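Working notes, structure below.
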There are 2 protein chains.
Amino acid sequence: MSSNGFELPLRLLLAFKMLIDELHAELAREGHPDIRPMYGFVMQAIGPDGTTAVELGRTLGVTKQAAGKTVDNLERIGYVERTTDPRDSRRKLVRLTPHGMDALDRSARIFDTLRTRWAAELGEDRLNALESDLRRMTPDNPWRLDIPGWFGTL
Amino acid sequence: MSSNGFELPLRLLLAFKMLIDELHAELAREGHPDIRPMYGFVMQAIGPDGTTAVELGRTLGVTKQAAGKTVDNLERIGYVERTTDPRDSRRKLVRLTPHGMDALDRSARIFDTLRTRWAAELGEDRLNALESDLRRMTPDNPWRLDIPGWFGTL
DNA sequence: CATGATAGACAACCTGGTTAACTATATGGG
DNA sequence: CCCATATAGTTAACCAGGTTGTCTATCATG
């Protein structure tokens, strides 16, 4: 039956893509039509306290230049702002704007809703098992393992 | 516990990334160091009978230009070759070279091995359940639903 | 046979990544 | 105190893969 090893990665990717697509469709409906898939990850990585381009690059596993460019784009569309650090004038703090905060909050809520939909379809037990299995097969700290770096170079 | 909806997409992506990374590490070891993640999908989509750039684009859900560029790259590193169709001199048949065939064969074998490793870790039953659940949540024909198109624009 | 559809190529641009080189600011040791 | 080194950020040039738009060549058909 499902002994074809090619199916597993494909289904994992498809499932991810579906969730992301649904997220963005809903975000667009809720007033965030310009959000791109990367941005959610980046804003999550910036966090409520802000960060700097270099630090952000380290967190995401990309170069500071790449992080800087992404911050440029986020700044251009009003999701983050840069302020100079008074205690170290080399640094520039990158922080989410209220608009960015709003997008992040909505993303979290939408993801919860999507998970609920999956639970309704598969049953809470099966979904818990699925998450548990994936957790077992993937690294512990999902965050800082160059996800976006990998996105791009795909 | 895991009621955080953000974890599901992240784990799906991480799991996919891990499989792909392991695939490429092994492919590199077996004489295919230049393969990029996209190429596997593209070669799979080309198939043993070959195709054309336009058709490939349709299959993958990207423009014919994008498909053409990717074929250029695959041609440059010797995985595919272009021959003109004698029956329609507008068309150029894209076919896998023996080198490309070899890469595709090895990919299939490696994916099977990786799946076996997952089965050893999770148990065959749990893995079957996982695949079944993913199958249930994703489109039927996984193939022609703009996977790569989505890759790039991420 | 002229017209419209199709295959492919080319150019310009976008995003997200890379290296490399540069400036400006901190910081710590002689 | 000052100089050397490390760090933050910017800019530039490039790559891969995607997009639109335009153009040519060929096919197929009324």
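As the structure is a computational prediction, the values presented were derived from the model and not from experiment.
- At whole-Å resolution of the value, CD in B:Q65 and C1' in C:dA7 are 11 Å apart.
- In this structure, the ring-ring contact (aromatic ring centres under 6.0 Å, His included) partners of B:F111, at least two apart in sequence or on a different chain, are A:F6.
- Atom NZ of A:K64 is separated from atom P of C:dA24 by 15 Å (rounded to the nearest Å).
- One can place CG of A:N73 at 7 Å from C1' of C:dT15, the figure rounded to the nearest angstrom.
- For the OP1/OP2 pair of C:dA9 and a distance below 4.0 Å, the side-chain nitrogens and oxygens of B:K92 include at least one atom meeting the criterion.
- Put simply, B:R76 has a side-chain N or O that comes within less than 4.0 Å of OP1 or OP2 on D:dA16.
- Between A:Y39 and C:dG16 there is a side-chain polar atom (N or O) within less than 4.0 angstrom of OP1 or OP2.
- Using a 4.0 Å cut-off between charged side-chain N and carboxylate O, A:R91 and A:E55 make a salt bridge.
- Put simply, CG on B:D72 is 12 Å from P on C:dG8, counting in whole angstrom units.
- Where A:A66 and B:E55 meet DNA chain C, the nucleotide closest to each residue was compared, and B:E55 sits on the side nearer the 5' end.
- The phosphate of C:dT18 has OP1 or OP2 within less than 4.0 Å of a side-chain N or O from A:T63.
- C:dT25 atom C1' lies 5 Å from atom CZ of A:R90, rounded to whole Å.
- Between A:Y39 and A:R36 the shortest side-chain heavy-atom distance falls below 4.5 Å.
- Enclosure of atom CZ in B:R95 is not indicated, since only 12 or fewer non-hydrogen atoms of other residues, nucleotides or ligands lie within 6.0 angstrom.
- Taking 4.0 angstrom as the limit, A:S89 places none of its side-chain polar atoms (N or O) nearer than this to OP1 or OP2 of D:dA8.
- Taking 4.0 angstrom as the limit, B:R36 places a side-chain polar atom (N or O) nearer than this to OP1 or OP2 of D:dG17.
- B:L56 and B:L93 are members of different hydrophobic clusters when ILVMFWY side chains are connected at heavy-atom separations under 4.5 Å.
- As a whole-Å value, the separation of B:R91 CZ from D:dA28 C1' is 14 Å.
- In this entry the distance linking NZ of A:K69 with P of D:dG9 reads 17 Å, nearest Å.
- The nearest whole Å value for the distance from the CG atom in B:L60 to the C1' atom in D:dT19 is 16 Å.
- With hydrophobic clusters built from ILVMFWY side chains whose heavy atoms lie under 4.5 angstrom apart, B:L12 does not share a cluster with B:M18.
- Taking a 4.0 Å limit (strictly below) on heavy-atom distances, residues 78-87 of chain B does not reach DNA chain D anywhere.
- Nucleic acid contact class of B:A53 (heavy atoms, under 4.0 Å, all strands): sugar-phosphate only.
- Contact annotation: the side chain of B:R126 never approaches that of A:R136 to less than 4.5 Å [non-hydrogen atoms, C-beta and beyond].
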